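Right, one structure below, let's go through it.
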Amino acid sequence: MKVFIFDLDGVIVDTAKYHYLAWKNLATELGFDFTEEQNELLKGVSRVRSLEILLDIGNVELSENKKQELLAVKNTEYLEYVNKMTSDEILPGILELIDFLEEQKISFSLGSASKNAPLILKKVGLFDKFSAIVDGNDVSKAKPDPEVFNIAAKKLNAKPENCIVIEDALAGVQAANIAGMTSVGIGDKKILSEADFILANTGELTIQFVKNLIV
Ligand code: BG6
Ligand code: MG
């Protein structure tokens, strides 16, 4: 029996744009520019690691205390966007897919790097749908380490070869591959070339596509 593990940011909801806005404002305050292209490097990556990458881009060195302060500033701004979210922000095809999985009695878990995942799922009304939620609060190692997906598989009582991971970040695709799971990448073919399957967007996660995966 197959099970599904969903990444959150960029798969269920497009929160990447909010992460970007908050990081960009921080970069501006620190005196350097931060482009959307550079933001790709932060996708799937933990909050702490994201700040390190951002500071590398800006060539800025800060004390541990200052870094902690900036992490809090970034998250406060990010949460301002998150708190305005509604179910309208669920990406195309996701609700249909969740309905189909429920109908077929196929279990599914969240496997996200975000510590804000429970709040976001509640905001868009999906929190109660998942058999398990594994997020940034449950892991000690960030993607591409497979820890988050291994914990999710355990919670779903599934062997890795029966897990299908839906991911928009290269780090997440790599984590799924290392775990021995099937990886479905959502986004740019060039960035996600390591995925077992690549779809341009969640709208292509059709029931037919999913049926072919689970046979
Ligand atoms: C991932 C995002 O899902 O979560 C990253 O792709 C983000 O961009 C990470 O940095 C951590 O999120 P949060 O909500 O804990 O800051
Ligand atoms: Mg993601």
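Counting starts at 1 for both ligands and their atoms, in listed order. Model, not experiment: these values are computed from the prediction.
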Shortest non-hydrogen separation from Ala169 to Leu192 and the atoms involved = C-CD2, 3.8 Å
Least distance between heavy atoms, Ile133 atom then Asp138 atom = O-OD2, 3.7 Å
Between the Mg ion (ligand 2) and [X], which N, O or S atom of the residue is the nearest one?
{"X": "Asp7", "result": "OD2"}
{"X": "Asp9", "result": "O"}
{"X": "Asp168", "result": "OD1"}

request  = Please examine the side chains of Lys143 and Phe149, heavy atoms only from C-beta on, and report whether any two atoms are closer than 4.5 Å.
outcome  = yes
request  = Determine, for Tyr78 and Lys74, whether the Lys NZ or Arg CZ falls below 6.0 Å from the six-membered ring centre while staying within 45 degrees of the axis.
outcome  = yes
key: Ring-face cation contact, Phe127 with Lys122, 6.0 Å cut, 45° max   = yes
query = ligand 1 and Tyr78, any nitrogen or oxygen pair closer than 3.5 angstrom?
reply = no
Run the numbers for me: atoms of ligand 1, each under 4.0 Å from some heavy atom of [X], listed by number.
{"X": "Ala113", "result": "1 (C), 4 (O), 11 (C)"}
{"X": "Gly44", "result": "2 (C), 5 (C), 6 (O)"}
{"X": "Lys43", "result": "6 (O)"}

task = Using distance alone, with no hydrogens and no angle criterion, decide if Ser114 and Asp135 have a side-chain donor and acceptor under 3.5 Å apart.
result = no
key: Thr182 versus Asp196, side-chain donor and acceptor atoms under 3.5 Å   = no
Nearest protein heavy-atom contact for [atom]: which residue, which atom, what distance?
{"atom": "atom 1 (C) of ligand 1", "result": "Asp9 OD2, 3.2 Å"}
{"atom": "atom 8 (O) of ligand 1", "result": "Leu42 O, 3.1 Å"}
{"atom": "atom 9 (C) of ligand 1", "result": "Val45 O, 3.1 Å"}
{"atom": "atom 15 (O) of ligand 1", "result": "Lys115 N, 2.7 Å"}
{"atom": "atom 16 (O) of ligand 1", "result": "Arg47 NE, 2.7 Å"}

key: Nearest-option assignment for atom 14 (O) of ligand 1, heavy atoms, candidates Ser114, Gly136, Gly10, Ser46   = Ser114
Partner of Trp23 by side-chain contact (heavy atoms from CB on, under 4.5 Å), out of Ile57, Ile53, Leu54, Leu70 = Leu54
task = Please determine which of Ile12, Asp7, Ile5 meets the side-chain contact (heavy atoms from CB on, under 4.5 Å) test together with Leu110.
result = Ile12
task = Could you see which bit of Asn116 sits under 4.0 Å from ligand 1, with heavy atoms only: side chain, backbone, both or neither?
result = both
query = Do you see an N/O/S atom of Glu167, backbone or side chain, under 2.8 Å from the Mg ion (ligand 2)?
reply = no
Plane angle bin for Phe130 and Phe108 - parallel if under 30°, tilted between 30 and 60°, otherwise perpendicular = perpendicular
message = If we only consider heavy atoms of Ser50, is any one of them less than 4.0 Å away from an atom in ligand 1?
response = yes
